[in-house]
Undergrad: 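I am attaching a structure below and will ask some questions about it afterwards.
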Amino acid sequence: MTERTPLISGNWKMHHNHFEAIQVTQKLHYRLGEHDYSKVGVSIHPPFTDIRSVQTVIGADRMKILLGAQNCHAEEKGAFTGEVSAPMLAKLEVSLVIVGHSERRQLFGETDEVVNAKVKAVLAAGMTPILCCGETLEEREAGEAETKVATQVRAGLDGVAADAVASMVIAYEPIWAIGTGRTATSEDAQAMCATVRSVVGETAGAAAADGVRIQYGGSVKPGNIAELMGQADIDGALVGGASLDPDDFASICSYQD
Ligand code: PGA
């Protein structure tokens, strides 16, 4: 089995203007050291308006923090008022892009087809997609969680080459756990992440299933990260609320200490 380097990603959502973003990035950098980066990858996903500023501070201080984005458009360019393309992000040294977050799906009507097109656009621009999936509370209570997540993963990876799938990140985020303070139990999170891995195996083969990194997301905090990360199929976390504070996010990133 491949040794998968854990990846902890901070999804800032619509928080922090570019001044605040610079401060938070610098504070996070001071709190993390070589010793952390040797064990874990750390990415931050600020709003679009912050990305250029954050890129500059990361570059100036040679920080090991990876720069990420929260979304992009599937087309390279064109008449899409208000949108940002994957090549534009790649040019700003963005290396990871969150695709198909449940808020994008629920509030902005992103379908599985759109999400699949965005996954391909991110890969074509030389970046890594973090493909999100997850069930609602109703779906979980109806016993449909696995079917829902399997459908999203199959659709999201449709037509993506196996070696590209192996390089990707998939975030399992039960919608009922996002921003609610209610985390999935580590057993449930593990079971769902194992389902995601087996769906990847069915669609892209054993090597892709072995290589793909699977994050858990949904109310991850300094107090629950270690137990979640102790699960065999959980290779990282996608952190919302707790990533806004550099102290909290740094302690999540150094969960192995
Ligand atoms: P949360 O958000 O950590 O605030 O629950 C997670 C996410 O939406 O990625």
Side-chain angles (χ1 to χ4, degrees), residues 6-16 20-21 24 28 40-48 50-51 65-72 94-110 115 118-119 122 127-137 139-140 145 148-149 152-153 156 168-186 188-190 192-193 196 212-229 231 234-255:
L7 176 68
I8 310 288
S9 302
N11 173 14
W12 292 1
K13 308 193 179 182
M14 197 168 72
H15 296 283
H16 295 329
E20 293 161 337
V24 168
L28 181 64
V40 72
V42 176
S43 68
I44 53 173
H45 301 250
F48 288 139
D50 301 355
I51 288 181
I65 298 168
L66 301 167
L67 183 53
Q70 301 172 17
N71 181 34
C72 68
V94 166
S95 56
L96 295 140
V97 184
I98 300 171
V99 175
H101 188 280
S102 63
E103 286 152 18
R104 299 294 320 167
R105 294 177 190 260
Q106 290 192 316
L107 305 174
F108 302 97
E110 285 191 12
V115 171
K118 290 186 178 190
V119 165
V122 170
M127 301 179 291
T128 303
I130 301 182
L131 167 64
C132 299
C133 58
E135 79 286 357
T136 62
L137 188 56
E139 288 161 342
R140 168 149 292 259
K148 167 72 178 292
V149 164
Q152 287 180 325
V153 172
M168 281 180 55
V169 180
I170 300 180
Y172 165 64
E173 300 201 297
I175 294 168
W176 46 270
I178 296 178
T180 58
R182 197 178 149 190
T183 324
T185 63
S186 48
D188 283 347
Q190 160 57 25
M192 291 300 293
C193 291
V196 169
V212 71
R213 284 184 289 176
I214 303 177
Q215 294 178 319
Y216 167 79
S219 299
V220 173
K221 304 273 181 276
N224 58 25
I225 181 72
E227 188 178 335
L228 288 161
M229 291 303 295
Q231 308 302 311
I234 300 182
D235 309 312
L238 183 52
V239 186
S243 73
L244 296 175
D245 179 283
D247 289 320
D248 282 349
F249 191 54
S251 52
I252 290 173
C253 296
S254 42
Y255 69 93

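Note that ligands are numbered from 1 as they come in the structure, with each ligand's atoms numbered from 1 the same way.
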Undergrad: Among all residues two or more places apart in sequence or in another chain, which pass the salt bridge (charged side-chain N to carboxylate O under 4.0 Å, His left out) test with Arg213?
TA: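 Per chain and number, Arg213 pairs via salt bridge (charged side-chain N to carboxylate O under 4.0 Å, His left out) with no residue.
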Undergrad: Looking at Gly134, is its backbone amide N or carbonyl O close enough to the side chain of Gln152 to form a donor-acceptor pair, meaning the two atoms are under 3.5 Å apart?
TA: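 Yes, Gln152 side chain to Gly134 backbone: donor-acceptor pair under 3.5 Å.
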Undergrad: Please check if any side-chain donor atom of Ser9 sits under 3.5 Å from a side-chain acceptor atom of Ser43, or the reverse.
TA: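 Side-chain D/A pair, Ser9 to Ser43: present.
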Undergrad: Quick check: does any side chain N or O of Glu173 sit under 3.5 Å from a backbone N or O of Ile178, one acting as donor and the other as acceptor?
TA: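 Not at all, since once roles are kept as given, no pair shorter than 3.5 Å links the two residues.
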Undergrad: For ligand 1, list the protein residues that place a heavy atom within a distance below 4.0 Å of one of its atoms, sorted by chain and number.
TA: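 Within the 4.0 Å shell of ligand 1, which is judged on heavy atoms, sit Asn11, Lys13, His101, Glu173, Ala177, Ile178, Gly179, Gly218, Ser219, Leu238, Val239, Gly240, Gly241.
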Undergrad: Quick check: does any side chain N or O of Asn224 sit under 3.5 Å from a backbone N or O of Ser219, one acting as donor and the other as acceptor?
TA: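 Looks like yes, one N/O pair under 3.5 Å.
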Undergrad: Drop me the distance from Ile98's CD1 to Arg104's CZ, to the nearest 0.5 angstrom.
TA: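 Here the interatomic distance stands at 11.0 Å.
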